[in-house]
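Every chain is numbered from 1, with letters handed out A, B, ... down the list of sequences. For the numbers below, each heavy atom of this structure counts, side chains included, while hydrogens, waters and symmetry mates do not.
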Amino acid sequence: MSKKKDFLRTVVENDLQSGKYKEIVTRFPPEPNGFPHIGHAKSISINFGIARDYHGHCNLRMDDTNPTKEDTKYVAALENAVKWLGFDWGEDLYFTSDYFSQIHAYAIKLIKMGKAYVDSLTEEQIREYRGTVTEAGKRSKYANRTVEENLDLFERMKNGEFSDGEHVLRAKIDMSAANMKMRDPLLYRIRNVNHFRAGNEWAIYPMYDFAHCLSDYIEGVSHSICTLEFENNRDIYNWVLDTLELQPPRPYQYEFARLNINYTVMSKRKLLELVEGNYVSGWDDPRLPTIAGYKRRGYTPESILTFCDQIGIAKANSMVDVAQLEFCIRDDLNKKVPRVMCVLDPLKVTIENYEGFEEIDAPYYPHDVPKDGSRKLPFSKEIFIQRDDFEENPPKGYFRLTPNQAVRLRHAYIISCKEIIKDENGKIIEIKAEYYPDSKSGSADTSGVKVKSAIQWVSATDAKEVEIRLYDRLFKNEIPEGIEDLNPDSLKIIKNALVEPAIVKEKPDERFQFERIGYFYTDPIDYSDDTPVFNQIVGLKDSWGKKTKEKKVQPKAQAKQVQIDGEVVAMSKEEEALFDKYTKELQLNSEVANTLARDKKLSDFFEEALMEYNNPVNIANIVTNEVARELKQKELTDLKFIPQQVAQLVKMIDDETISTKIAKDVFETMSKSGEEPKQIVDSRGLLQISDPDIIAPIIEDIIVKNPDNVEKFRAGNKKLLGFFVGQVLKETGGKANPKVVNELVAKKLSEK
RNA sequence: UGGGGUAUCGCCAAGCGGUAAGGCAUCAGCUUUUGGUGCUGACAUUCGGGGGUUCGAAUCCCUCUACCCCAUCCA
């Protein structure tokens with residue numbers, strides 16, 4: 001189980017604890033109209049993850065209510081993705097289309113209840129009648145049809161008697177609802193087409209808003225988790241289930257922010273554009289953020305899942321850095337994968353003083369990976385090294401081979417450069433070198449020669465030529481707009497790279513670390529023993545390469561932008577009069593007076609409380625803060641408590657019966673139960689403790705228990721005072737007089 | 001513009017009135033026969049801005065600002 005608890009798991013835990021559900025049931029409900037991408041992986045990880053963590057189960061449901069867009073090939077892709085990620089839906093593979101008759105029956109019920117009607121407006125009229133975000137819509141005249149008419153029409157719609165668009169079934173809710181989604185939402189539309197599963201049985205198909213909540217209910221889903229853009233649909237979700245009077249337990253919808261990653265695109269539309277415009281090789285192009293793409297690239301399911309876990313679940317729209325994903329795959333592969341040698345851009349090295357041939361035994365795994373296995377590395381007079389591992393005029397800090405600097409051939413000998421051979425253009429084509437016979441890798445090294453690094457190499461006669469595909473980010477912009485932002489260098493193919501023979505002969509794995517380069521994967525489609533093809537999964541971290549590349553101009557820390565306040569709405573005459581009275585007569589501070597004067601409910605409440613106990617300032621404070629909170633969603637008449645009770649509460653603070661801290665608790669209890677404040681205080685024993693003789697020992701105790709913090713405090717960390725006060729208050733159940741505690745703590749801490 | 005959301009480090013993200021978690025990135029140092037890994041340390045006197053309430057505010061109240069979603073017979 002993930003250690004950290006996100007807001008969804010918090011909800012789930014509460015629901016389990018309160019007994020709202022006996023078992024947690026979630027579902028992953030994609031529409032089979034495209035290939036799943038890493039955003040789906042997040043959803044899969046959430047839904048299946050929660051089910052697993054709380055011993056419930058998660059259904060896989062294809063939301064196939066729109067026959068014009070969906071196809072069975074996408075169903076397969078979705079199934080594969082979930083399976084690949086390691087989740088099992090068992091028997092629970094469902095299709096919304098399986099519920100068509102049940103959903104239809106619910107529609108009939110709604111019609112009979114007078115809550116749904118057949119509308120015969122045109123599409124344009126419906127749009128027009130819906131109104132705008134600021135103006136209310138108006139209801140169609142067809143909304144007045146009788147139940148019998150509606151039933152008849154709906155039946156005939158179902159039987160295919162009408163053409164597409166002639167009629168729709170709508171819920172009768174409210175054409176002037178502030179939530180546009182609630183303006184008589186469409187429930188069914190006519191589609192005289194073949195459905196990839198249901199065939200031609202239906203001429204009408206339910207809309208998302210009607211089908212989804214009912215499917216969830218039918219499946220016994222407890223937590224229906226979707227993305228943020230469905231927030232407005234939640235009202236319909238609840239309306240349908242409530243109106244149909246479906247018995248609990250029933251599902252509730254929760255929303256989280258969908259995943260965005262920089263330098264790529266995630267929308268189905270844009271992905272489709274890339275595939276269909278042949279900007280990539282297909283849905284499984286290794287540069288794509290599709291599950292199929294990551295799979296082909298060589299990402300492990302574990303790394304994707306870890307990533308999903310790391311980024312967390314929240315409601316803020318965000319853009320995750322690809323670096324986070326790259327970290328996950330590197331971290332995973334680092335622990336798993338054999339290290340081998342590959343030369344991308346070969347430079348010939350002839351070791352003049354070496355004769356013959358040998359096979360060097362080299363372990364597949366470095367000292368810090370606890371895995372066994374090794375292979376034979378052929379070594380001979382002629383080898384190839386990576387071209388950039390030699391520099392005739394090395395920059396400062398260069399560790400590799402130079403005319404004056406020896407280097408170790410990984411797992412083999414140390415060599416030094418004797419001569420540089422160039423062609424007529426001055427390009428280096430060969431290095432003549434010498435090796436130190438005593439320097440053989442491992443305990444055999446008695447040469448005493450010190451080198452700064454070890455480089456990879458392959459023996460010229462034994463190396464295998466392979467194709468390497470190097471991938472870079474698909475887009476050059478962090479937030480790409482469209483194909484114009486494509487990175488022209490996102491794919492680099494190296495046809496004649498050289499690898500050591502064991503990789504192809506022994507095939508110790510399908511993923512490798514090519515030492516000092518990166519992690520690579522045998523392409524599952526194009527790889528053959530004759531023409532091996534490797535995809536770069538991700539490069540190794542390269543602090544040297546980064547250092548040598550353009551020293552990026554660090555964007556200067558921008559001066560904090562000054563935020564200009566917008567204009568505040570002016571007060572009405574009455575409000576102004578009230579404001580004047582409050583500030584002048586009652587001596588309230590202007591901020592408090594302002595809130596009070598502008599809110600009729602609050603000022604009424606305030607004035608009434610004032611009649612009970614005349615302390616305007618303190619009552620005003622509690623009214624503008626605590627009461628205001630309660631009144632945010634409610635009317636005065638819905639309150640469980642009355643102004644007089646608040647007045648009494650203030651009175652108790654004033655005569656120091658209780659502290660302001662306790663007063664908050666009392667207020668909360670009172671607002672929930674309507675109990676008298678005095679009674680709450682009495683029955684729970686909340687009287688304030690102000691006696692230093694009682695408080696002092698508690699402070700002593702806490703000081704003894706927290707020597708570290710005492711030290712920090714004495715070293716100057718003054719905000720720790722709050723920590724100690726908090727501890728004392730915790731110890732006394734909040735009853736200690738905080739003013740006294742503050743004084744005492746400060747005194748005790750400065751002593752000694 | 002009405003309604004619904006969201007703002008905590010360069011990027012994610014905990015936190016729910018009492019010491020601003022963690023990860024990525026970055027920067028140092030140590031280790032290293034991968035300029036990899038590992039280890040150690042540094043990295044938010046401050047939580048979108050401004051006020052208020054409180055002994056004490058990222059957390060409660062007021063207010064302003066920015067961004068996202070909603071006017072498909074898509075999901």
| Spacing between Asn260(A) atom CG and C67(B) atom C1', to the nearest angstrom | 13 Å
| message | Considering every strand and a 4.0 Å limit on heavy-atom distances, what is the contact class for Leu333(A): base, sugar-phosphate, or nothing? | response | nothing
| Separation of Met341(A) atom CE from U34(B) atom C1', in whole Å? | 11 Å
| request: Taking all non-hydrogen atoms of both residues into account, name the closest pair between Arg400(A) and Gln405(A) and its distance. | output: O-NE2, 2.5 Å
| Distance test, side-chain N/O of Lys335(A) to OP1/OP2 of U37(B), below 4.0 Å | no
| Which pair of heavy atoms, one from Ala736(A) and one from Leu729(A), lies closest together, and at what distance? | O-CD1, 3.5 Å
| Given RNA chain B, 5'-ward residue of the pair Leu720(A) and Gln513(A), judged by closest heavy atom | Leu720(A)
| message | What's Lys440(A) touching, base or sugar-phosphate or nothing? Going by heavy atoms closer than 4.0 Å. | response | base
| U33(B) base / Arg408(A) side chain donor-acceptor hit below 3.5 Å | yes
| Spacing between Glu626(A) atom CD and G17(B) atom P, to the nearest angstrom | 12 Å
| request: State which residue, out of Tyr117(A), Phe162(A), Phe154(A), fulfils the ring-ring contact (aromatic ring centres under 6.0 Å, His included) condition with Tyr188(A). | output: Phe154(A)
| task | Please state whether the base of U37(B) and the side chain of Asn334(A) form at least one donor-acceptor pair under 3.5 Å? | result | no
| request: Give the ring-plane orientation class for Phe514(A) versus Phe520(A), where under 30° counts as parallel, over 60° as perpendicular and anything between as tilted. | output: parallel
| query | Looking across every strand, which nucleic acid part, if any, lies under 4.0 Å from Thr68(A) by heavy atom: base, sugar-phosphate, or nothing? | reply | nothing
| request: Tell me what Gly397(A) touches on the nucleic acid: a base, only sugar-phosphate, or nothing, going by heavy atoms under 4.0 Å. | output: base
| said: Please confirm whether the ring centroid of Tyr254(A) lies under 6.0 Å from the ring centroid of Phe7(A). | reply: no
| request: With heavy atoms under 4.0 Å as the rule, sort Phe724(A) into base, sugar-phosphate or nothing. | output: nothing
| task | May I ask which nucleotide in the shown strands pairs with A20(B), Watson-Crick or G-U wobble, both distances under 3.5 Å? | result | none
| message | Please report the distance, rounded to the nearest Å, between CG in Asp174(A) and P in A71(B). | response | 17 Å
| task | Find the distance Arg598(A):CZ to G52(B):P and express it as a whole number of Å. | result | 17 Å
| Counting only distance, no hydrogens or angles, is the base of G52(B) paired donor-acceptor with the side chain of Asn625(A) under 3.5 Å? | yes
| message | By the 4.0 Å heavy-atom rule, please label Gly165(A) as base, sugar-phosphate, or nothing. | response | base
| field | Base partner of A66(B), which must satisfy Watson-Crick or wobble distances under 3.5 Å | value | U6(B)
| Asn621(A) (side chain) and G52(B) (base): donor-acceptor pair under 3.5 Å | no
| Are Thr68(A) and Arg191(A) linked by a side-chain donor-acceptor pair shorter than 3.5 Å? | no
| task | Whole angstrom is fine here: how far is it from NZ in Lys181(A) over to P in C69(B)? | result | 12 Å
| task | Go through the N and O atoms of the side chain of Lys739(A) and the base of U54(B), and report whether any donor-acceptor pair is under 3.5 Å. | result | no
| request: Would you classify Ile126(A) as touching base, sugar-phosphate or nothing, given that sugar-phosphate means primed atoms plus P, OP1 and OP2, and contacts are heavy atoms under 4.0 Å? | output: base
| Looking at the side chain of Lys632(A), which of U34(B), C62(B), U63(B) is the nearest nucleotide? | C62(B)
| How would you label the contact of Asn233(A) with the nucleic acid (heavy atoms, under 4.0 Å): base, sugar-phosphate, or nothing? | base
| query | Just checking Ser441(A): base, sugar-phosphate only, or nothing, at a heavy-atom cut-off of under 4.0 Å? | reply | base
| task | Side chain of Lys719(A) only, please: which of G2(B), U45(B), U34(B) is the nearest? | result | U45(B)
| note | Closest heavy-atom pair, Arg61(A) versus Pro30(A), reported as atoms and distance to 0.1 Å, is O-CD, 3.2 Å
| message | Tell me whether the ring of Phe399(A) lies stacked over the G35(B) base, given a 5.5 Å limit on centroids and a 30° limit on the plane angle. | response | yes
| message | Using a 4.0 Å heavy-atom cut-off to protein, can you give one letter per nucleotide of nucleotides 5-12 of chain B, 5' to 3': B if the base is in contact, S if only the sugar-phosphate is, - if neither? | response | SS----SS
| request: Just jot down the ring-ring contact (aromatic ring centres under 6.0 Å, His included) partners of Tyr435(A), sequence neighbours excluded, or say none. | output: Tyr354(A), Tyr413(A)
| So which heavy atom on Gln688(A) is nearest to which on Ser659(A), and how close? | OE1-CB, 2.8 Å
| request: Determine the contact category for His411(A): base if any of its heavy atoms lies under 4.0 Å from a base atom, sugar-phosphate if only primed atoms, P, OP1 or OP2 are that close, otherwise nothing. | output: base
| G35(B) base stacked by Trp544(A)? Criteria: ring centres under 5.5 Å, plane angle under 30°. | yes
| task | Ignoring the backbone of Tyr208(A), work out which of A75(B), C24(B), G4(B) is nearest its side chain. | result | A75(B)
| Which of the following nucleotides, A57(B), A25(B), G48(B), is nearest to the side chain of Ala323(A)? | A25(B)
| Which part of the nucleic acid, if any, lies within reach of Lys541(A) when heavy atoms closer than 4.0 Å are counted: base, sugar-phosphate only, or nothing? | sugar-phosphate
| task | Give the rounded distance in Å between these two atoms: CZ of Arg183(A) and P of G4(B). | result | 13 Å
| query | For Tyr519(A), which contact category applies under a 4.0 Å heavy-atom criterion: base, sugar-phosphate, or nothing? | reply | nothing
| Residue mapping more 5' on RNA chain B - nearest nucleotide basis, Arg516(A) or Arg191(A) | Arg516(A)
| field | Donor-acceptor pair under 3.5 Å, Lys661(A) side chain vs G18(B) base | value | yes
| field | Nearest-angstrom distance from the residue atom CD1 of Ile653(A) to P of C55(B) | value | 9 Å
| said: So for Asn179(A) and G4(B), does any side-chain atom that can act as donor or acceptor lie under 3.5 Å from a complementary atom in the base? | reply: no
| message | I want to know whether Tyr237(A) and Phe230(A) have ring centres closer than 6.0 Å. | response | no
| Taking O4'-C1'-N9-C4 for purines and O4'-C1'-N1-C2 for pyrimidines, is U72(B) syn (within 90° of 0) or anti? | syn
| query | With sugar-phosphate meaning primed atoms plus P, OP1 and OP2, does Asp368(A) contact a base, only sugar-phosphate, or nothing at under 4.0 Å between heavy atoms? | reply | base
| said: What's Asp542(A) touching, base or sugar-phosphate or nothing? Going by heavy atoms closer than 4.0 Å. | reply: sugar-phosphate
| query | Within 45° of the six-membered ring axis of Phe256(A) and under 6.0 Å from that ring's centre, is NZ or CZ of Lys315(A) located there? | reply | no
| field | Glu123(A) (side chain) and U72(B) (base): donor-acceptor pair under 3.5 Å | value | no
